[in-house]
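Throughout, protein chains are lettered first and strands after them, A, B, ... in sequence-line order, and every chain is numbered starting at 1. Computed from heavy atoms alone, side chains included, the values below leave out hydrogens, waters and symmetry copies. Note that the structure is a prediction, hence the values are computed from the model and not measured.
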Number of protein chains: 2
Amino acid sequence: MTSHIEELLTTHGVKPTAQRAVIAEYLVGTDCHPTADEVFQAVSTKLPVSLSRATVYNTLNALVEAGVIKEVVTDPGRVRYDANVSDHHHFVDVKTGQVYDVDAHKVSALKLDLAPEFSVNSYHVTIFGEVKK
Amino acid sequence: MTSHIEELLTTHGVKPTAQRAVIAEYLVGTDCHPTADEVFQAVSTKLPVSLSRATVYNTLNALVEAGVIKEVVTDPGRVRYDANVSDHHHFVDVKTGQVYDVDAHKVSALKLDLAPEFSVNSYHVTIFGEVKK
DNA sequence: TTCTGTACTTAGAATAAGTCTAAGTTGCGA
DNA sequence: TCGCAACTTAGACTTATTCTAAGTACAGAA
Ligand SMILES: [Mn+2]
Ligand SMILES: [Mn+2]
Ligand SMILES: [Zn+2]
Ligand SMILES: [Zn+2]
């Protein structure tokens with residue numbers, strides 16, 4: 001009876017420890033693109049032992065490395081983490097700072113007119129605007 | 001006989017001090033998207049007095065505020081500065097980290113299929129790839 | 001001219017995000 | 001059961017940036 005999260009970690013080659021499971025579970029269950037510190041705050045109470053910031057960073061880096069999550073950088077000095085690893089872009093509400101997912105198929109394919117020495121692997125669109133309630 | 005740079009600063013409402021002029025001049029004369037520290041290194045020898053890092057940061061922030069330059073964030077933890085304030089996007093060479101300008105008209109206009117509460121002000125495309133020499 | 005107030009710059013202290021270190025803990029596999 | 005490698009921990013360290021307190025520059029008033 002391995003949990004869904006343990007299976008996610010295992011299939012990506014990450015050994016599922018209690019710390020890693022609770023961090024991955026938190027990220028999978030949110031769509032709000034938390035920072036490392038927000039992950040630490042949210043998760044530290046959910047473990048019977050004290051959680052080190054170093055473990056949070058180690059785990060986030062390991063999960064990125066393994067492809068379980070992605071880093072998102074929309075603002076200077078704020079790395080955010082995203083368990084949505086599907087092809088998507090981001091909408092930033094400039095009033096609140098909130099980051100929303102924008103599925104890649106909601107954005108028309110880009111045509112790029114670049115010199116031939118520029119070979120493109122991928123691209124990411126950051127959309128700035130406002131969400132009216 | 002105010003210089004071109006002093007005029008640029010003045011017309012943007014920034015009082016042209018020696019420190020600000022030399023920093024703005026350096027940025028206007030390069031297309032390599034330097035970090036604050038690279039600006040500091042490049043510019044500190046060009047003044048008869050010692051230059052404080054605080055002044056570099058104060059100046060960069062003032063120039064951004066005034067619209068003389070823009071911040072560019074392509075990587076976690078590295079804010080870069082850009083005197084190209086025309087509408088453009090960025091190509092990041094994933095091998096070297098070099099950032100190249102991509103004029104907006106080299107990128108096809110985006111069509112976005114967003115829910116009506118999302119009102120778009122602007123967007124920025126970051127293209128990842130490699131420049132073959 | 002000199003005076004003077006405000007804006008600017010400075011060195012270094014403080015903060016914040018992230019990494020490293022050294023020591024202890026866990027837990028699978030012989 | 002043991003041994004070992006992987007993992008976690010607290011706290012020191014590093015790096016980027018901001019803040020602070022004290023000094024400097026300089027335009028306008030007198
Ligand atoms: Mn989502
Ligand atoms: Mn930082
Ligand atoms: Zn996302
Ligand atoms: Zn640019």
Query - Out of C/dC8, D/dT9, C/dT9, whichever nucleotide has its closest atom nearest the side chain of A/V49 - result: D/dT9
**Report entry** Protein-nucleotide distance (B/F40, atom CZ; C/dT10, atom C1'), rounded to Å
**Finding:** 11 Å
Requested in this report: For B/R53 and D/dT18, give me the distance from atom CZ to atom P, rounded to whole Å.
Outcome: 14 Å
Query raised in the report: Which nucleotide in the list D/dA10, C/dC8, C/dT10 gets nearest to the side chain of B/S52?
Result: C/dT10
Report task. Look at the side-chain N and O atoms of B/Q19 and state whether any lies under 4.0 Å from the OP1 or OP2 oxygen of C/dT10. Result -> yes
Query - Joint hydrophobic cluster, A/V72 plus A/V39, side-chain heavy atoms closer than 4.5 Å - result: no
Query raised in the report: In whole Å, what is the span from the CD1 atom of B/I23 to the C1' atom of C/dT10?
Result: 13 Å
Requested in this report: State whether A/Y57 places a side-chain N or O below 4.0 Å from either non-bridging phosphate oxygen (OP1 or OP2) of C/dG18.
Outcome: yes
Query raised in the report: Quick one: which of C/dA11, C/dC20, D/dT8 gets closest to the side chain of A/A54?
Result: C/dC20
Report summary line: Separation of D/dT24 atom C1' from B/L47 atom CG, nearest Å, is 15 Å
Query raised in the report: Has A/T17 got a side-chain N or O lying under 4.0 Å from the OP1 or OP2 atom of D/dT8?
Result: yes
**Report entry** Contact under 4.0 Å: B/N61 side-chain N or O vs D/dT18 OP1/OP2
**Finding:** yes
**Report entry** Atom-pair distance (NZ on A/K15; P on C/dG27), nearest Å
**Finding:** 9 Å
Report task. Report yes if a side-chain nitrogen or oxygen of B/S50 is closer than 4.0 Å to either non-bridging phosphate oxygen (OP1 or OP2) of C/dA11; otherwise report no. Result -> yes
Query - Ring centres under 6.0 angstrom apart (A/Y123, B/F128) - result: no
Report summary line: Whole-Å distance, A/N58 CG to D/dA10 C1', equals 13 Å
Report summary line: Side-chain atoms of B/R20 come closest, of D/dT17, D/dT8, C/dT9, to C/dT9
Report summary line: To the nearest angstrom, the CD-P distance between A/E38 and C/dG18 comes to 11 Å
Query raised in the report: Tell me: CG of B/D37 to P of D/dT17, nearest whole Å?
Result: 9 Å
Requested in this report: Please answer: with hydrophobic residues joined when any side-chain heavy atoms are less than 4.5 Å apart, are B/Y81 and B/V92 in the same cluster?
Outcome: no
Requested in this report: Look at the side-chain heavy atoms of Ile, Leu, Val, Met, Phe, Trp and Tyr, link any pair under 4.5 Å apart, and say whether B/V79 and A/V94 land in one connected group.
Outcome: no
Report summary line: Per atom distances to the B/V79 side chain, the nearest of D/dT9, C/dG18, D/dT17 is D/dT17
Requested in this report: Please test A/H124 against A/H90 for ring-ring contact (aromatic ring centres under 6.0 Å, His included), starting from the C-alpha separation and ending with a verdict.
Outcome: CA-CA 8 Å; A/H124 179 260; A/H90 291 101; 5.1 Å; yes
Query raised in the report: Taking for each residue the nucleotide of DNA chain C with the nearest heavy atom, is it A/T35 or B/V14 whose nucleotide lies nearer the 5' end?
Result: B/V14
